4 protein chains.
Amino acid sequence: MTDAAETAPTRRRTSIGGRRNPESAAAILDAAAAILAENGLGGFSIEAVARRAGAGKPTIYRWWPNKAALLIDVYARQKETVLQADTGSLQGDLEDVLSRLFDFWRHTPAGAAFRSIIAEAQSDPEALERLRAFLIERRAYVREIVERGIARGDLPADADGAAIVEMLFGFAWMRLLTGDLGAAEDIPRRVHLILKGAA
Amino acid sequence: MTDAAETAPTRRRTSIGGRRNPESAAAILDAAAAILAENGLGGFSIEAVARRAGAGKPTIYRWWPNKAALLIDVYARQKETVLQADTGSLQGDLEDVLSRLFDFWRHTPAGAAFRSIIAEAQSDPEALERLRAFLIERRAYVREIVERGIARGDLPADADGAAIVEMLFGFAWMRLLTGDLGAAEDIPRRVHLILKGAA
Amino acid sequence: MTDAAETAPTRRRTSIGGRRNPESAAAILDAAAAILAENGLGGFSIEAVARRAGAGKPTIYRWWPNKAALLIDVYARQKETVLQADTGSLQGDLEDVLSRLFDFWRHTPAGAAFRSIIAEAQSDPEALERLRAFLIERRAYVREIVERGIARGDLPADADGAAIVEMLFGFAWMRLLTGDLGAAEDIPRRVHLILKGAA
Amino acid sequence: MTDAAETAPTRRRTSIGGRRNPESAAAILDAAAAILAENGLGGFSIEAVARRAGAGKPTIYRWWPNKAALLIDVYARQKETVLQADTGSLQGDLEDVLSRLFDFWRHTPAGAAFRSIIAEAQSDPEALERLRAFLIERRAYVREIVERGIARGDLPADADGAAIVEMLFGFAWMRLLTGDLGAAEDIPRRVHLILKGAA
DNA sequence: GCGTAAACGAGACGGTACGTCGCGTCTTAGG
DNA sequence: CCTAAGACGCGACGTACCGTCTCGTTTACGC
């Protein structure tokens, strides 16, 4: 069971001329996701990814400056899933967002990837900056949902949207980082707690 | 506090018989804390700690099975500060706890240590278990404050104490992990959000 | 099968007052010999000897300044076997000495011990000095046999006894050091070669 | 010869592509020889060699599986000196071979290297095997000289060449291992003893 | 006959070296 | 100019022994 052979079994991948080979990029991201899913951050190294992808280390370093960047790409590659949600009520929308997020983290390599990104950010300032930027973007998305709820009248006009979003993300992170994604059933209560507080 | 050992290592530390030498343990924890404070988790390695402490690596491994255990001890060593709080109201008590916690994380090596512990736990299952155990204990402490508030009548008897505590810790972790401990001024609003939601 | 229990099964060994405990010395030498016989020089360490002997390391260091000294004692402890030989002819006497020596090296821990002593002497000048001293003594013994042969008329009076002895020992060492003690059957031819040369 | 690398390490050595860098190999062997010459086997460690060679330990382990292999290469690297010898008589040829060998061992790091190889072989079975193989080859070379002497009529046709060679090597080893290479003046007598015995 | 001295086991101490792994950089040979 | 390959210097990993130290205990000897 040579891992490298999984995605590109028959032929050896090589240069396609003076530009990036998308097959290589894909193989690298696939390999990275697979390693994360199987062995977690512990077994994740550039060497291991290169080995499994059948790629040269310099090829990885050419396109991703460091481990964090690669992890972020692994994460970003699968995030389409989480997007939309409109259930008619803010409570429902937020429940939906969090449920999807928990599922996404639990059932794809994304969870392991995101845990790794956070971990990496604790020792690498640049990775922290990337994480913060990413977080701002993600929060903005949920913020919109909250604002929509305010517009809809689910919350008073002066409700603190930023606080709501921050508390919910804090809750989600805590669950992710402590390996507690399983207990998704108290998402509704938590959302309710926050929304009632903001009312 | 590590200065004494650094500038005036008057005599060589050695065994004091067939049992643990507390001086060595102290020197190691001091060195670990100092490295964490100065270089962050990136520069933190058992080798570096041993070097700075003037200790042998095996001495460290004898007493701390891995990096995570050492980090937890570094953290635990300074936590007395956070304890007390009784301001008369639950809002005040929780504000006080969080403010002290933020200060503690910001102004001692404990913040860097705790960030490192969380990061480490993302790749080391055993470290994760230690972290969860630690977290349970810490939450229980804040939980007591909440229960006291309930007894006092600040919250209805059926208020969900666990949820309150979890949301507050989630908030604190988020701030710690994203390097946002500075903005402690919105602690009161966050506490208020939660308490109002629980009322 | 706790090794320490072999020689002193029931009771724990301890001090017998302000002087050397012969039981300890014996246990240490036994353990050293056993380790050498079973694992060779590779597995031989002061720690291992102490462990197996149920002795403290300082007890070993108190009586043997270094590994070489201990090895020499292990060797010396068993050498009585090799001694006497008087077959009536010099050829016979020397054959007898060499055969006994080969057997001694092959069938007791002494062979491993002596190989270890020689090895040790290549990195430790003091051990080399001890080895040379030991060698002088052993050669003198064989030298006597040769002189007896000269007196008996087996060799001319001007025969170079030192050379004879040195060549025979060189032969024996070579066999020992290359693990070739098995082929003892050509001892007679080698002795004959030398004696004929000296005639 | 190692000076160039030590005092003028003008530029950093690095990879030259996916194949062995001969400069690194040379630097490592130089460093090993120098350490052996200066500090003997006692100061010889892979770490020390790497340090002195300005090489990484893995680079050494990549090409030499263990200490013994490296020592053998150090030895082999300098052995061209010993080869030739044709003085017209077997006595002269053998004297020449032994004298050259003694000089070689005394005046180059080869002596220390070979002592170390023998020592290493006493604890490492694989090293012993390498040593035996090497020995067979070296003996074959001297054996040829002896056969040439037999062909020339210096010895009877039924002379035991193997015995002659073994006794001479045994003598040389003994001198090497006991630090007695100085007294080279009795080489002729020893050779004569053997040849007369074989006549 | 009792205190002292020395040896005992145990095991911690500061170290050095082990052999392995991953880092990020470099150079090749070949599309 | 990109690709797979893989060597390079570096440095941390966790382990094994080194030789030294101090402990608390156990005798025997000498005052």
Side-chain angles (χ1 to χ4, degrees), chain A residues 4 12-21 23-24 27 44-48 50-51 53-63 65-67, chain B residues 12-21 23-25 27 44-48 50-51 53-63 65-67, chain C residues 4 12-21 23-24 43-48 50-51 53-63 65-67, chain D residues 12-21 23-25 43-48 50-51 53-63 65-67:
Chain A
R12 206 151 138 334
R13 215 165 42 239
T14 176
S15 169
I16 56 169
R19 64 192 197 285
R20 183 173 190 169
N21 184 340
E23 277 183 38
S24 288
F44 186 87
S45 68
I46 299 289
E47 297 241 359
R51 214 149 43 219
K57 274 199 293 174
T59 302
I60 299 182
Y61 280 108
R62 188 172 351 263
W63 303 113
N66 50 50
K67 206 189 292 201
Chain B
R12 202 146 140 337
R13 214 169 38 240
T14 179
S15 169
I16 57 168
R19 63 190 200 286
R20 186 170 191 169
N21 184 342
E23 281 183 34
S24 289
F44 187 86
S45 70
I46 299 288
E47 296 241 359
R51 218 149 38 218
K57 270 198 293 175
T59 300
I60 298 182
Y61 282 107
R62 192 171 356 257
W63 301 112
N66 48 51
K67 208 187 288 200
Chain C
R12 204 151 139 337
R13 213 167 43 240
T14 178
S15 168
I16 55 167
R19 65 192 198 285
R20 183 172 192 169
N21 183 341
E23 280 184 35
S24 288
F44 187 88
S45 68
I46 299 289
E47 296 242 358
R51 215 147 42 216
K57 275 199 291 175
T59 303
I60 299 183
Y61 282 107
R62 190 171 356 256
W63 303 114
N66 49 50
K67 207 190 291 201
Chain D
R12 205 149 137 334
R13 214 168 41 239
T14 177
S15 168
I16 56 168
R19 64 192 199 285
R20 185 172 191 169
N21 185 341
E23 282 183 34
S24 288
F44 186 87
S45 69
I46 299 289
E47 295 242 359
R51 218 149 38 216
K57 271 197 292 175
T59 301
I60 299 182
Y61 282 107
R62 193 175 351 259
W63 302 112
N66 48 53
K67 209 187 289 200

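Everything quoted here is computed from the prediction, not taken from an experiment.
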- prompt: Taking for each residue the nucleotide of DNA chain F bearing the nearest heavy atom, is the 5' side occupied by A:Arg62 or by B:Gly18?
  reply: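 The residue whose closest nucleotide sits nearer the 5' end is A:Arg62.
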Under 4.0 Å between a side-chain N/O of [X] and OP1 or OP2 of [N], yes or no?
X: A:Trp63; N: F:dC1; answer: no
X: B:Ser24; N: E:dA12; answer: no
X: B:Arg13; N: E:dG14; answer: yes

With [X] via side chain to side chain contact (heavy atoms under 4.5 Å, CB included) - residues at least two apart:
X: D:Ser15; value: none
X: D:Arg51; value: D:Glu47, D:Ala48
X: C:Arg19; value: C:Ile16
X: D:Pro65; value: D:Ala69, D:Arg130

From [atom1] of [X] over to [atom2] of [N], roughly how many Å is that when rounded to an integer?
X: D:Ile16; N: E:dC26; atom1: CD1; atom2: P; result: 15 Å
X: C:Ile60; N: E:dG11; atom1: CD1; atom2: P; result: 15 Å
X: B:Asn21; N: F:dC23; atom1: CG; atom2: P; result: 10 Å

- prompt: Checking side-chain contact (heavy atoms from CB on, under 4.5 Å) for the pair D:Thr59/D:Arg62: CA distance, chi angles, key distance, verdict?
  reply: CA-CA 5 Å; D:Thr59 301; D:Arg62 193 175 351 259; 3.8 Å; yes
Heavy-atom pair with the smallest gap, counting every atom of C:Arg13 and C:Ala53: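 Looking at all heavy atoms of both residues, the closest pair is NH2-O, 2.7 Å.
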message: Can you build the contact string for nucleotides 15-25 of chain E? Use B for base contact, S for sugar-phosphate-only contact, and - for no protein heavy atom under 4.0 Å.
response: B-SBBBBBBBB
Shortest side-chain distance from B:Arg19, nucleotide among E:dG9, F:dC23, E:dC13: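 Looking only at side-chain atoms, B:Arg19 lies closest to F:dC23.
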